[in-house]
Amino acid sequence: MENRTKKYNRMKNLIALLLFGVVFSSCNDDLLEVTPLDAISEENVFTDPTFLQNYVYNMYNGIKPHWSPGTGAYIGMTDIAVSAPDTHNRAAGIRQYLEGNITPDNITQLTNIWAEEYDFIRRANIFFEKIEGSTIDAEVLDGMKGEVHFLRAWMYFELIRTFGGVPLITESFSLSDESFDVSRNSYEECAQFVLNEAELAINLLDGTTPAAGKVSKEAAMGLKARMLLYMASPLNNPTNDMGRWQAAEVATKAVIDAGFTLHSNHEELFLQPLETNEIVFGRTYTAGSRIPDWGYNYDYWPSGFDARQRLMPTQHFINMFQMENGEYPYLPDGMTVNPSSGYDEQNPNVNRDPRYYSYILYPGAGPVNIIDGSKSTQRLYEYWEDANPNPDNQPPYENPNKVDPMNNQTLFDFGRDSKTYWVKGLTPFHWRVQTGYTFRKLLDFQGPRASFDFDYSQTTVFMRLAEFYLNYAEIQIALGNEELAREYINMVRKRPSVDMPDITSSGEALLRDYRNERAIELHLEDMRFWDLLRWKAAPGNIDMDPIRGLSSVTMDWSTAEEGDLMGTLHYTYGEVEETDPRFPWPGDYYYRFPIPREEIQRSNNNIQQNPGYED
């Protein structure tokens, strides 16, 4: 697609790029070790296939990691997880977003995705310019060209789902350019560019069998299908053009028919090796390739286990997990127990969807293996206070076990993840925002909470078959084919390790069941926030207030006998008062983010701001 404007980006020249030493450190441990680009000449970079592949690997870093909200993954801002601002690196941006106060001047406190993605787009553009007339074997070069077309498409996809239409720039910035003026292309033009790039990648990668973690033809097919789904969704399809849904249907079915299968055990999808039978595109990490910090462990590790626990599930999300009989524990109001479910508020963790036990740590869950520094132990998640404390929770304690039989550690009437445990100085962390739950999905309990040297076993899944089954179900709902929609939702639910009852609903109930299933299956995979935006379903979800959780959990030891690790828990549900309030959804303009003011100024004010954010 021809670029319609003068090309624009930060005033960095090619030499600065070549000195950039951080390269993609491998999609898989089996891939080649890369050489720092500052150790070779520019000529060698673009004429030697090994060096050029390393250059391409560098561009994989333009795919933002899921776990870091500051780099553009907004998992901390939806109804899936409470944002605990005092534990976030970029706390102010998250708080301002939830208050409805995000502006062109403070948007970079939340995300700097505009500058980051355009930086990698510039590297892709340089690649295409420098390989003109290359003597590298055409088959080898075509594979790398396919990768870069995919990566450039991915980066533009991220930009347009965040901002809408953005400038389409397909040439690198040159110091000889007369002007840096640039204007925005329309959303439709940008979306078509993503589709065109994906199609080029599909053709160039056809017949290749890349190593796990590298871009493949099927990954490009997946990106094309995802782009078409976004184009068909209410935010970008206000007239509900059925042709858009039909185009998404064809592309999504092509991914489904590409030979993938659901992996039998859902827990194994997020641990090495990449389960390529289901995962369309994913990534593993080495100690040197994690971005940033220590990854998932550092952000999700429970605070009682000496960690900062940035994010945690809300009661709203916990309530999405059905009972094993397929009934929701609560009625849609989230407060009234569903009488046909068999759910007991005082025994809430029994007979739930198997994914509940895999993905959530709740009071009494476990045991799990904990490694932190010199400490290694197995124990339960002990989020409870003493139901009948002595003054100041002093001994003697009623717990019949003075020593944990699993690890020989001292036991108390209060749990080792309780606030009392922290008040007594027995753990360094217990953040003020607590819902009583923490995420278990994505944690590597075989490794330490935080180590720059440990090779954690987690994977990051960017696309997998279950998503496309659910995408296809959404498309069929839009097209009025409810029976086919239920079939594909139930495929996900029938995974052997899940085996939940079939969905049988229709109409609005089917739409609720679909969206609920999607939230459960794909949580923490950078989906839910964007789903709520493209559905125009933010009110009552993103701005949900108050945040609810377990306001009190107490342990009565009078029923316990020696050897019992637990007595009787009593649960109180309510508002988590420590969370920052979420303000009412500001309006439709908030479905797009403001373009950073500095970027508008760099364009000599040729870039127009998104509606609702103008001065």
Side-chain angles (χ1 to χ4, degrees), residues 1-10 56 58-65 71-74 107 111-129 144-173 182-205 215 219-233 235-236 244 247-248 251 281 462-463 526 530 533-534 591-596 599-600 602-603 606-608 610:
M1 181 174 181
E2 292 294 325
N3 184 24
R4 297 173 44 193
T5 65
K6 282 288 184 180
K7 313 305 184 280
Y8 156 78
N9 213 310
R10 297 179 181 275
V56 173
N58 176 284
M59 279 180 271
Y60 279 68
N61 289 324
I63 300 176
K64 60 183 176 59
T71 58
Y74 306 106
I107 181 62
T111 174
N112 202 25
I113 194 171
W114 181 288
E116 291 170 352
E117 297 294 43
Y118 271 116
D119 184 43
F120 283 100
I121 288 169
R122 178 177 61 88
R123 301 176 201 196
N125 294 339
I126 289 172
F127 168 88
F128 287 117
E129 292 167 1
M144 287 186 270
K145 288 165 65 177
E147 289 179 82
V148 179
H149 279 299
F150 171 91
L151 291 167
R152 187 162 64 173
W154 186 283
M155 295 162 202
Y156 270 114
F157 174 80
E158 291 284 8
L159 285 168
I160 65 176
R161 76 173 179 175
T162 305
F163 301 104
V166 297
L168 283 176
I169 301 170
T170 57
E171 296 178 13
S172 64
F173 167 77
V182 66
S183 58
R184 299 173 67 175
N185 291 74
S186 68
Y187 177 88
E188 298 301 324
E189 290 170 329
C190 293
Q192 188 59 52
F193 181 79
V194 171
L195 295 177
N196 292 345
E197 289 286 279
E199 199 65 48
L200 286 169
I202 290 168
N203 292 331
L204 287 163
L205 294 168
V215 173
M221 293 168 60
L223 180 56
K224 175 184 175 181
R226 190 184 281 178
M227 182 73 260
L228 287 166
L229 175 65
Y230 272 70
M231 293 172 70
S233 299
L235 178 63
N236 306 308
R244 293 197 173 198
F281 183 47
F462 297 113
M463 290 186 283
D526 202 27
W530 302 107
L533 294 188
R534 67 182 177 85
Y591 285 115
R592 303 289 190 202
F593 280 50
I595 297 171
E599 303 297 343
I600 293 177
R602 286 194 181 99
S603 75
N606 278 277
I607 294 177
Q608 292 188 342
N610 275 328

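These figures come from a predicted structure and were not determined experimentally.
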- request: Please identify each residue that fulfils ring pair (Phe, Tyr, Trp, His ring centres under 6.0 Å) with Phe157, with sequence neighbours left out.
  value: Tyr230

- request: Applying side chain to side chain contact (heavy atoms under 4.5 Å, CB included), run through Lys145 and Leu200 and close with a yes or a no.
  value: CA-CA 9 Å; Lys145 288 165 65 177; Leu200 286 169; over 6 Å; no

Separation of Ser172 OG from Ile121 CD1 (nearest 0.5 Å): 13.0 Å

field: Aromatic ring pairing Tyr156/Tyr118, orientation class (parallel under 30°, perpendicular over 60°, tilted between)
entry: perpendicular

field: Test item: Ile126 and Arg122 side chains (from C-beta on) under 4.5 Å apart, heavy atoms
entry: yes

- prompt: Going through the checks in order, is the side chain to side chain contact (heavy atoms under 4.5 Å, CB included) test met by Leu195 and Met231?
  reply: CA-CA 11 Å; Leu195 295 177; Met231 293 172 70; 3.9 Å; yes

message: Between Phe127 and Met144, does the side chain to side chain contact (heavy atoms under 4.5 Å, CB included) criterion hold? Intermediate values first, please.
response: CA-CA 10 Å; Phe127 168 88; Met144 287 186 270; 4.1 Å; yes

- prompt: Do you know the tightest heavy-atom contact between Ile607 and Ser183?
  reply: CG1-CA, 4.4 Å

task: Tell me, with the steps shown, if Val215 and Tyr60 meet side chain to side chain contact (heavy atoms under 4.5 Å, CB included).
output: CA-CA 9 Å; Val215 173; Tyr60 279 68; 3.5 Å; yes

statement: So CG of Asn58 and CZ of Arg123: to nearest 0.5 Å the spacing works out to 5.0 Å

query: Asn185 and Cys190: which non-hydrogen atoms are nearest, and at how many Å?
result: CB-SG, 3.9 Å

message: Under a 4.0 Å threshold between the charged nitrogen and the carboxylate oxygen, would Asp526 count as salt-bridged to Arg161?
response: yes

- line: Heavy-atom closest pair (Ala251 atom, Leu228 atom, distance to 0.1 Å) is CB-CD1, 3.5 Å

message: Between Asn610 (side chain only) and Arg592 (backbone N and O only), is there a donor and an acceptor less than 3.5 Å apart?
response: no

task: Mind checking the NZ-CD spacing from Lys64 to Glu158? Nearest 0.5 Å is all I need.
output: 4.0 Å

Asn125 and Arg152, any side-chain heavy atoms less than 4.5 Å apart: yes

query: How long is the span from the CD atom in Glu199 to the NZ atom in Lys224, to the nearest 0.5 Å?
result: 4.0 Å

query: Do other residues, nucleotides or ligands put more than 12 heavy atoms under 6.0 Å from the CD atom of Gln608?
result: no

- line: In terms of heavy-atom contacts, Met463 and Ala219 come closest through CE-O, 3.2 Å

- request: For Gly62 and Glu117, work out which heavy atoms get closest and say how close.
  value: O-OE1, 2.8 Å

- prompt: Quick one: does Phe128's side chain get under 4.5 Å of Thr170's, heavy atoms only?
  reply: no

- prompt: If you look at every heavy atom in Arg184 and Gly164, which pair is closest and at what distance?
  reply: NH2-C, 4.0 Å

task: To the nearest 0.5 Å, tell me how far Ile160 CD1 sits from Asn236 CG.
output: 8.0 Å

- prompt: Side-chain contact, heavy-atom cut-off 4.5 Å: Phe120 with Leu151?
  reply: no

- request: Quick one: pull up CG in Leu229 and CZ in Arg244 and give me the separation to the nearest 0.5 Å.
  value: 12.0 Å

message: Students often mix this up, so state it plainly: with edges at 30° and 60°, are the rings of Trp154 and Phe462 parallel, tilted or perpendicular?
response: perpendicular

query: Is a side-chain donor or acceptor of Glu599 paired with a backbone partner of Pro596 at a separation under 3.5 angstrom?
result: no

field: Validation row: Phe163, Ile113 side chains within 4.5 angstrom (heavy atoms)
entry: yes

